[in-house]
Amino acid sequence: MRTSNYLLSTQKEAPSDAVIISHQLMLRAGMIRKLASGLYTWLPTGLRVLRKVERIVREEMENAGALEILMPVVQPADLWMETGRWDKYGGELLRVKDRHDRDFVLGPTHEEVITDLVQKNVNSYKQLPLNFFQIQTKFRDETRPRFGIMRAREFTMKDAYSFHIEKSCLENTYQKMFAAYCCIFERMGLEYRAVLADTGSIGGNMSHEFHVLAKNGEDAIVFSTESDFAANIEKAEALAPNVKRPPANADVTTIETPNVHSIEDVAKFLKIKTTQVVKTLLVEGNGKKGESTPIIALILRGDHNLNEIKAQQIEGVATPLVFADKEQIKSVANCEAGSIGPKGLDTRIIVDRSAEKLADFVCGANESGKHLTGVNWDRDINNYEIADLRDVLEGDPSPCGKGRLEIARGIEVGHIFQLGDTYSKALNAGVLNQQGKSQILTMGCYGIGISRIVAAAIEQNNDKNGIIWNDVLAPFSVVIVPMNMKKSIRVAELSQKYYTQLKGMNIDVLFDDRQERPGIMFADAELIGIPHMLIIGDRSIDNGVIEYKERQSGLKQDVNIESVIDFIKQKLT
RNA sequence: CGGUGAUUAGCGCAGCUUGGUAGCGCAUCUGGUUUGGGACCAGAGGGUCGAAGGUUCAAAUCCUUCAUCACCGACCA
């Protein structure tokens, strides 16, 4: 490609609303442009990278035996009603009507469509197992799109779905996909981890996420210091403290705590640690139709954070989790938020494992501006359940039994699930088995965020000059930068010669044939992150060499004029 | 969904307090001088000041409503 036939569209400054480095660099390097919140146009440079990611994913999916298909973005609502997700999926599901006033959705995922396809087109166990994949646009109407392409509303995803009769067969394919994913992220040169994950709105049992490690990652992932255990914090179990609860010593005392609301305030006011205070969160339960929603109290130690995923998984708690509003709090606890406590509360009470080990603790008095000290379980509060409700903290014992937990941040770029029969049952997707009887299929599904990988790779590989691509993902492998080509016929001819030769070898080469000063061309090449630079100038031609510069290391090296092509060829293998 | 803030040229911003000809830097275009790390000189183009109402002789500036965008939060007990 010649710059004169191309749109570089690089910028010195990034728009002020881009906060993280990958977003800033993608804008500055002319990879993407924003159309509206969460909606981006891919410019030529960005699209080149996106296509390279797609190619690697496609190759590895095919290697793993998956078959490529392409499903529609627009899907009829009927299918979503049949699986129940029309009601369950919530605001992220964009619903549209056609001219006949029929309901449709923009697909956030394709379980319904693929299951319907299999239900209609696969009849016999002999055709199984099957694994389909597609690389396609998804739409999720995120509450808060952010960080550019990282969490966009419209994005490119690879999604695959496998179908089996036997669970063991599903497990086998799951392992194959796991291995394929490892292959993919390794080929891309990303530093990543596979972790145990929650299954979320997709449903199912076994699930792993693949995270690219980055300090701007939206997810917290935890590792054991002494084993292979790794999990999303959503999924990491907080073990019950291995101690006996101390006996009750103090009597319950009501104290005035005017204008003291948060846990920190309470602890400061009473000059105690936050670990000795208990916080009470009121959430909605799922009420039966017609009844008013019951309120459930969740109790945590003051220094612990509620893990919403764990809370939602408790039978009877509304999904998604809804916190009680002011009126609900008033009607249940007869006070403002900030003074709620478990003692005397007439609701179902669920206590976190750690909070349950406390004795003589402090909590709200269910009376505005008052707290209780010296409160004890069983003596003062009966009828409570114990559950794992909190996020793990760094240093907690690992749930695998070995080592302690460390916490890192990651960008989720892949997620695989053993779905089971949730969708196949709902859509009656079955085949005749060996005994000639109809049998519901069991499913797996496997996603990769193609466009997110582009951002994640940049997040992991950049410096003050811009992006640092490796050879596999780079929009161009080589850039030719001529020095004053206008004046020097030698430079022009040599540049042209290299360009033609490299292009002839199917190497992605950018020939910067603009009449620009060298500094501009260097800066652009480095901002875009092209891994290999050839600098063609009279000065070095006089010595029979041209200069090569490597983006990654910044190292410069003279290469004999005659052996430049071989040199590049060698670099790219 | 809640809170905060922003919206003036493609990008980054000033002007608003105290109403009176719409500005700066970068980018773009023309001509010239330059050419090994974001040049210099001379000139030029580009704006419904987010939208709609209102106050006023006069509104980017004051008032009202709306929209869009961003950040923080969604853990607050």
Side-chain angles (χ1 to χ4, degrees), chain A residues 8-20 23-24 27-28 30 33-39 90-92 141-148 257 260-266 274 277-283 295 297-308 311 320-326 328-330 332-333 335-342 345 352 362-371 389-391 465-466 481-488 491 514-527 533 535-542 546-547 549 554 556:
Chain A
L8 273 185
S9 214
T10 51
Q11 291 177 334
K12 246 184 189 172
E13 288 171 299
S16 54
D17 55 17
V19 235
I20 63 167
H23 187 195
Q24 292 169 352
L27 290 165
R28 287 190 47 210
R33 286 293 178 264
K34 180 165 79 175
L35 177 64
S37 182
L39 303 175
E92 267 184 43
D141 200 0
E142 294 282 348
T143 47
R144 191 178 156 204
R146 67 195 126 171
F147 304 150
T257 50
V260 175
H261 301 291
S262 72
I263 291 292
E264 284 72 28
D265 291 346
V266 173
T274 53
V277 187
V278 139
K279 64 172 143 185
T280 306
L281 308 168
L282 299 182
V283 299
I295 298 294
L298 307 178
I299 315 292
L300 290 158
R301 212 171 76 183
D303 60 323
H304 286 152
N305 280 340
L306 177 68
N307 181 312
E308 296 194 15
L321 200 65
V322 183
F323 286 93
D325 61 28
K326 278 181 184 164
Q328 287 170 314
I329 292 174
K330 188 89 189 165
V332 171
C335 66
E336 315 289 318
S339 303
I340 313 170
L345 207 56
D352 180 67
V362 174
C363 64
N366 296 324
E367 200 175 332
S368 288
K370 290 183 184 175
H371 277 77
L389 288 177
R390 71 173 175 96
D391 279 340
N465 293 324
V481 183
M483 296 294 109
N484 202 4
M485 192 167 68
K486 196 178 169 187
K487 288 270 174 69
S488 169
V491 168
R514 291 177 294 178
Q515 299 296 340
E516 288 289 359
R517 299 170 64 83
I520 290 184
M521 296 195 278
F522 290 144
D524 276 346
E526 281 165 9
L527 174 60
M533 190 191 299
I535 305 162
I536 321 290
D538 278 318
R539 196 192 283 177
S540 58
I541 293 175
D542 287 342
I546 70 108
E547 202 175 304
K549 187 174 178 188
K556 289 184 181 176

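So you know, we letter chains A, B, ... as the sequences are listed, proteins then strands, and number each from 1.
For the atom pair CG (A:Asn484) and CZ (A:Arg539), the distance works out to 11.5 Å, reported to the nearest 0.5 Å.
Judged purely by atom type and a 3.5 angstrom limit, A:Thr274 has no side-chain atom pairing as donor or acceptor with the backbone of A:Glu264. Judged purely by atom type and a 3.5 angstrom limit, A:Thr257 uses its side chain to pair as donor or acceptor with the backbone of A:Gly369. Remark: side-chain polar atoms of A:Lys279 are paired, donor with acceptor, to backbone N or O of A:His304 under 3.5 angstrom. The backbone N or O of A:Val277 lies less than 3.5 Å from no partner atom in the side chain of A:Arg301, so there is not a single donor-acceptor pair.
One P atom belongs to B:U17, the other to B:C63, and the distance between them is 10 Å to the nearest Å. As rounded to the nearest Å, B:A39 and B:U35 have P atoms that lie 13 Å from one another. Nucleotides B:C49 and B:A22 are separated by 8 Å at their C1' atoms, to the nearest Å. Between B:G10 and B:U4, the two C1' atoms lie 28 Å apart (nearest whole Å). With P as the reference atom, B:U48 and B:C16 are 22 Å apart, rounded to whole Å. Nucleotides B:A59 and B:G50 have their P atoms positioned 15 Å apart, rounded to a whole Å. B:G46 and B:U34: their P atoms are spaced 32 Å apart (whole Å). One P atom belongs to B:G20, the other to B:C62, and the distance between them is 11 Å to the nearest Å.
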Heteroatom pairs (N/O) under 3.5 angstrom, protein to nucleotides 2-7 of chain B:
none

Nucleotides 66-69 of chain B: which of its N/O atoms have a protein N/O under 3.5 Å away?
from, atom 1, to, atom 2, distance (Å)
B:C69, OP1, A:Ser37, N, 3.1
B:C69, O3', A:Lys34, NZ, 3.2

N/O to N/O distances under 3.5 Å, protein versus nucleotides 29-33 of chain B:
none

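Every residue meeting the salt bridge (charged side-chain N to carboxylate O under 4.0 Å, His left out) condition with A:Arg390, not counting sequence neighbours, appears here in chain and number order: A:Asp352, A:Asp396. For A:Asp391, there are no salt bridge (charged side-chain N to carboxylate O under 4.0 Å, His left out) partners, not counting sequence neighbours.
When heavy atoms are screened at a 4.0 angstrom cut-off, A:Val481 is found touching no nucleic acid atom at all. Residue A:Ile329 is classed as a base contact, given a heavy-atom separation below 4.0 Å to a base. Residue contacts shown for A:Asn366 are absent, as no nucleic acid heavy atom lies under 4.0 Å away. Using a 4.0 Å heavy-atom cutoff across all strands shown, A:Leu300 reaches no nucleic acid atom at all. When heavy atoms are screened at a 4.0 angstrom cut-off, A:Asp303 is found touching no nucleic acid atom at all.
Searching all strands for a Watson-Crick or G-U wobble partner of B:C66 with both distances below 3.5 Å returns B:G50. Pair check for B:G45 finds none; no Watson-Crick or G-U wobble contact set falls under 3.5 Å. Across all strands shown, B:C24 is found opposite B:G12 as a Watson-Crick or G-U wobble partner, with both distances under 3.5 Å. Applying the Watson-Crick and G-U wobble criteria (two distances, each under 3.5 Å), B:G37 pairs with nothing in any strand. Remark: B:A58 base-pairs with no nucleotide; criterion is Watson-Crick or G-U wobble with both hydrogen-bond distances under 3.5 Å. Pairing partner, B:A74: none, since no Watson-Crick or wobble contact has both distances short of 3.5 Å. Pair assignment for B:U18: none, as no Watson-Crick or G-U wobble contacts are both less than 3.5 Å.
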Requested in this report: Scan nucleotides 36-50 of chain B nucleotide by nucleotide, 5' to 3', and note B when protein non-hydrogen atoms come under 4.0 Å of the base, S if they reach only the sugar-phosphate, - if neither.
Outcome: BBBB-----------
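Listed nucleotides: B:C11, B:U35, B:A74. Nearest to the side chain of A:Glu308: B:A74.
OP1 or OP2 of B:G12 has at least one side-chain nitrogen or oxygen of A:Ser16 nearer than 4.0 Å.
At a threshold of 4.0 Å, the pair A:Asp538-A:Lys487 does not count as salt-bridged, since none of the basic side-chain nitrogens sits closer than that to a carboxylate oxygen.
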